[in-house]
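Worksheet: the structure to be examined is printed underneath.
What's counted below: heavy atoms across the whole structure, side chains too, no hydrogens, waters or symmetry copies. Computed from a prediction, not measured in an experiment: that's the story for all the values here.
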Amino acid sequence: PVLPRQALGGRVYTKRTTVTDLLRRHRFALVEFRRVHVLPLSAGGPARAIWATSCALERVPGLNLVATSFELVARTET
């Protein structure tokens, strides 16, 4: 899959390379990557139960591919 050109300043990136290319261009190195929030947290209902269930589902291999958010940890390259 390719992201829309307009959203990326005319450049075309695949989803796999977008994050690492953008970080490298600005002198950052990706240290950690996680897929989070398998369940939409704004779905309504008891927030604590939804959060706990979503956290548990994030750890299921393959199921976390439907996560709604990503968490990235990067450090500056020297």
Side-chain angles (χ1 to χ4, degrees):
V2 175
L3 299 173
R5 255 181 216 244
Q6 306 89 307
L8 299 167
R11 295 181 180 94
V12 176
Y13 296 95
T14 64
K15 288 182 182 180
R16 182 176 302 263
T17 61
T18 299
V19 172
T20 53
D21 287 348
L22 290 173
L23 287 172
R24 281 187 194 132
R25 186 176 331 126
H26 296 284
R27 303 180 118 194
F28 286 91
L30 185 62
V31 175
E32 187 178 336
F33 169 82
R34 289 186 339 125
R35 291 180 169 95
V36 295
H37 304 153
V38 174
L39 298 176
L41 301 178
S42 61
R48 194 169 293 187
I50 293 172
W51 184 273
T53 304
S54 186
C55 287
L57 293 173
E58 291 167 11
R59 293 187 290 273
V60 176
L63 185 58
N64 65 6
L65 295 174
V66 298
T68 60
S69 301
F70 302 120
E71 286 184 358
L72 305 171
V73 176
R75 64 174 163 71
T76 57
E77 294 180 333
T78 55

Pairs involving residues 54-78, ordered by first then second residue, that meet salt bridge (charged side-chain N to carboxylate O under 4.0 Å, His left out) (sequence neighbours left out):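 Output for this query lists Arg34-Glu71.
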Flag yes if [X] and [Y] sit in one hydrophobic cluster, no otherwise; membership is Ile, Leu, Val, Met, Phe, Trp, Tyr, and two members link when side-chain heavy atoms are under 4.5 Å apart.
X	Y	result
Val31	Phe33	no
Leu39	Leu63	yes
Val73	Leu30	no
Val38	Trp51	yes

Closest non-hydrogen atom pair, Ser54 against His37: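 Smallest heavy-atom distance, with atoms named: OG-CA, 3.3 Å.
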Pro40 to Ile50 - nearest heavy-atom pair and separation: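 Where Pro40 meets Ile50 most closely, the heavy atoms are O-CG2, 4.1 Å.
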Separation of Leu72 CG from Thr20 OG1 (nearest 0.5 Å):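 Thr20 atom OG1 to Leu72 atom CG measures 10.5 Å (nearest 0.5 Å).
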Listed partners of Phe28 passing ring-ring contact (aromatic ring centres under 6.0 Å, His included), at least two apart: none
